[in-house]
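Written out below as structure tokens is the structure these notes cover.
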Amino acid sequence: MSNIKITLPDGTIREYPKGTTSIQIAQSISEGLMRNVLAAKVNGEIWDANRPIENDANVQLLTWKDTEGKNTFWHSSAHLLAEAIESIYPKTKFGIGPAIETGFYYDIELPEGKMLSQDDFIEIEKKMLELARTKSEYIRKSVSKNDAISYFTEKGDNYKLELLEGLEDGKITFYTQGNFTDLCRGPHIPNTGFIKAVKIMNLAGAYWRGDVTRKQLTRLYAVTFPQDKELKEYLVLLEEAKKRDHRKLGKELELFTFSEKVGAGLPLWLPKGTLLRERLEQFLRKAQVKAGYLPVITPHIGSKKLYITSGHWEKYGKDSFQPIHTPEEGEEFMLKPMNCPHHCEIYASKPRSYKELPLRLAEFGTVYRYEQSGELHGLTRVRGFTQDDAHIFCRPDQVKDEFGKVIDLVLLVFKSLGFEDYTAQISLRDPENKTKYFGEDEDWEKAESAIVEIAKEKGLRTVTELGESAFYGPKLDFMVKDALGRKWQLGTVQLDYQLPDRFKLEYVGSDNKQHRPVMIHRAPFGSLERFIAVLTEHCAGNFPLWLAPDQIAVLPVSEKYHEYAKSIHTILEEADIRGFLDERDEKIQRKIRDAEVKKIPFMLIVGEKEEESNTISVREHGQGDKGASSLEDFIKMFQEKIKIH
RNA sequence: GCCAACGUAGCUCAGCGGUAGAGCACUUCCUUGGUAAGGAAGAGGUCGUGGGUUCAAUCCCCAUCGUAGGCUCCA
């Protein structure tokens with residue numbers, strides 16, 4: 001029998017008999033590796049670990065540590081889930097069952113309108129583990145399209161038949177483990193025995209092929225692990241994430257609230273949240289003054305005509321809050337969903353010269369958008385929110401420079417607030433569906449290449465998404481992850497050649513002719529609501545000192561020292577240090593506990609010792625007693641800490 | 001908007017076909033206590049809302065609003 005040459009990732013070349021499997025390769029390296037190998041990358045393609053290799057190849061063995069290994073594991077788990085469901089509920093139809101970032105899902109349709117509930121999870125989990133223990137091999141088999149069609153026709157699974165329609169004869173494979181056979185490209189792990197821990201997370205409705213007009217299937221989300229310990233760790237992690245949830249912390253720290261009477265998705269900012277928000281605004285205002293922005297203020301409503309001009313009415317009119325009418329004349333006004341049309345009118349309020357460009361108009365503008373009820377989520381997805389908006393009107397030759405300056409500003413914001421894990425998403429239009437967008441091809445191409453170039457020059461870590469642009473231009477969005485690993489868009493920079501056109505904005509060039517300016521929309525925070533939500537989760541409610549609603553708490557040991565405590569508090573207030581004096585009739589332990597729970601950065605404890613020596617005892621949140629200090633030294637230290645802001 | 005789930009005191013939650021309970025918070029009193037919860041008493045709810053079934057509904061059914069999970073959408 002002839003041998004083949006296998007090249008491993010470290011460059012070593014080993015010889016094996018033709019038809020060797022990746023498992024056998026692993027075995028030849030070590031028994032331990034053999035037990036852990038889930039799949040293998042053969043010449044860049046992911047293969048089953050038990051698939052024979054017939055020719056010389058580069059082989060990389062994949063284990064749980066590799067993303068591809070995990071994905072294979074989870075995708076195989078999806079088949080196991082399906083097998084379990086089929087054995088419990090025969091005649092179930094199956095949609096698709098892919099691996100996702102953590103775990104996998106399977107879209108299913110249970111027979112005769114049977115509905116699943118959370119109570120059924122345990123039975124399914126038990127069945128899965130039972131089937132896993134049989135160590136059934138995942139067996140790959142090539143089938144002809146006709147055979148595949150007749151298999152699923154007989155089974156009555158119209159979803160698989162629909163999937164088959166899109167597949168080419170000769171490239172169709174089935175995988176079978178135990179009693180379950182599925183249409184699948186693979187690859188899979190060697191056998192079900194690798195799956196040791198199973199947890200069905202939740203269920204949801206999901207439209208078949210993501211199409212609202214199609215039938216809604218039941219989607220089961222689940223996660224599996226090769227060791228029970230890992231499942232436990234994962235569940236602990238989820239618990240930790242829940243503790244950071246901004247909705248929970250927002251309530252506990254009294255930052256914001258919602259009221260059914262006011263309306264869903266309309267946040268009410270409580271005093272502490274307002275303080276925090278105002279600090280953020282102040283910080284950005286200062287930075288914007290330095291960067292040459294000019295403040296403006298515009299009303300919360302605008303004539304419908306304004307949005308007809310801007311194109312927003314055509315694009316979003318029917319999905320917006322509907323116009324409000326004046327009682328006498330029946331004039332129509334929209335709650336403003338955007339600040340840009342208003343800002344365009346400010347630009348247009350007088351003739352502009354090329355010498356005054358770029359003109360940067362900034363406004364913390366509150367906008368209202370109708371979001372579908374199912375989409376509302378804490379502060380991250382609301383119906384009324386305030387953008388730290390600005391529009392830069394500039395000459396075409398200034399675009400790149402201005403765009404770069406905006407990126408610098410966004411990065412300053414992220415840096416000041418400790419966001420290090422972000423990606424920049426370049427959102428371009430969908431080249432397949434150009435009619436969704438306004439404007440000329442030529443402008444789009446110019447705008448898109450400008451963004452790609454400048455992002456590269458600034459050294460941003462980028463991903464490019466087609467079809468994610470605004471209808472008027474491409475965007476550069478800054479994405480960060482929240483405590484639960486969900487991605488949120490914060491800062492955004494958008495290039496726009498359309499609005500200046502629609503509003504017929506002009507400036508007089510050095511040639512004494514009228515020219516059209518280019519517009520850049522930008523918001524470093526995105527919206528204050530979402531930003532504060534993500535920030536809250538990011539720092540688990542332990543806000544940076546300069547932002548904390550209460551920076552200090554003065555805690556007298558007993559009533560006898562209230563007067564001294566009051567004098568301390570007054571001096572701190574005069575030094576612009578925010579905080580409160582805890583004069584409750586409680587023991588000092590209690591006051592400390594309450595202040596710790598409220599995540600107050602500094603606790604200043606005053607009693608007999610302190611009053612006599614004219615000092616304070618400093619306790620830092622989460623760090624315990626820091627010892628005595630004079631008030632002057634404390635204030636100096638404090639001001640040093642918040643200096644850059 | 002759609003799918004399945006939930007809605008009980010300010011908060012976190014228990015309960016159940018016979019008109020409600022705990023802990024914390026709150027009020028009052030006692031206590032004046034040195035680095036994460038001192039003690040006692042009290043007050044607080046038409047069980048989200050509107051219908052229906054029933055002798056009787058917080059509990060069962062329907063609708064509606066809201067919340068959390070997902071799908072679709074997102075200027």
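Just so we're on the same page: letters track the sequence lines, and every chain starts at 1.
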Between A:Tyr221 and B:C71, does any side-chain N or O lie under 4.0 Å from OP1 or OP2? yes
Side-chain N,O (A:Lys251) to OP1/OP2 (B:U12) below 4.0 Å: yes
Considering only heavy atoms and no angle criterion, is a donor-acceptor pair shorter than 3.5 Å present between the side chain of A:Arg219 and the base of B:A4? no
Are A:Arg247 and B:G69 close enough that a side-chain N or O sits under 4.0 Å from OP1 or OP2? yes
Given B:G70, is OP1 or OP2 found less than 4.0 Å from the side-chain N or O atoms of A:His377? no
Salt-bridge present (A:Lys93, A:Asp157; N to O < 4.0 Å): no
Report which part of the nucleic acid A:Ile588 touches: base, sugar-phosphate, or nothing (heavy-atom distance under 4.0 Å, all strands). sugar-phosphate
Hey, is A:Asp245 close enough to A:Lys242 for a salt bridge, meaning N to O under 4.0 Å? no
Determine whether a donor-acceptor pair (one donor, one acceptor, N or O, separation below 3.5 Å) exists between the side chain of A:Tyr207 and the base of B:G70. no
Does A:Glu162 CD have over 12 foreign heavy atoms under 6.0 Å away? yes
Using a 3.5 Å distance criterion without hydrogens, assess whether the side chain of A:Gln387 forms a donor-acceptor pair with backbone atoms of A:Ala523. no
On the nucleotide B:C3, are OP1 or OP2 found under 4.0 Å from the side-chain N or O atoms that A:Thr218 carries? no
Donor-acceptor pair present, A:Gln589 side chain and B:U35 base, under 3.5 Å: no
By nearest atom, which of the nucleotides B:G69, B:A4, B:G33 is closest to the A:Leu203 side chain? B:A4
Which of these nucleotides, B:G70, B:U35, B:G38, is closest to any side-chain atom of A:Gln216? B:G70
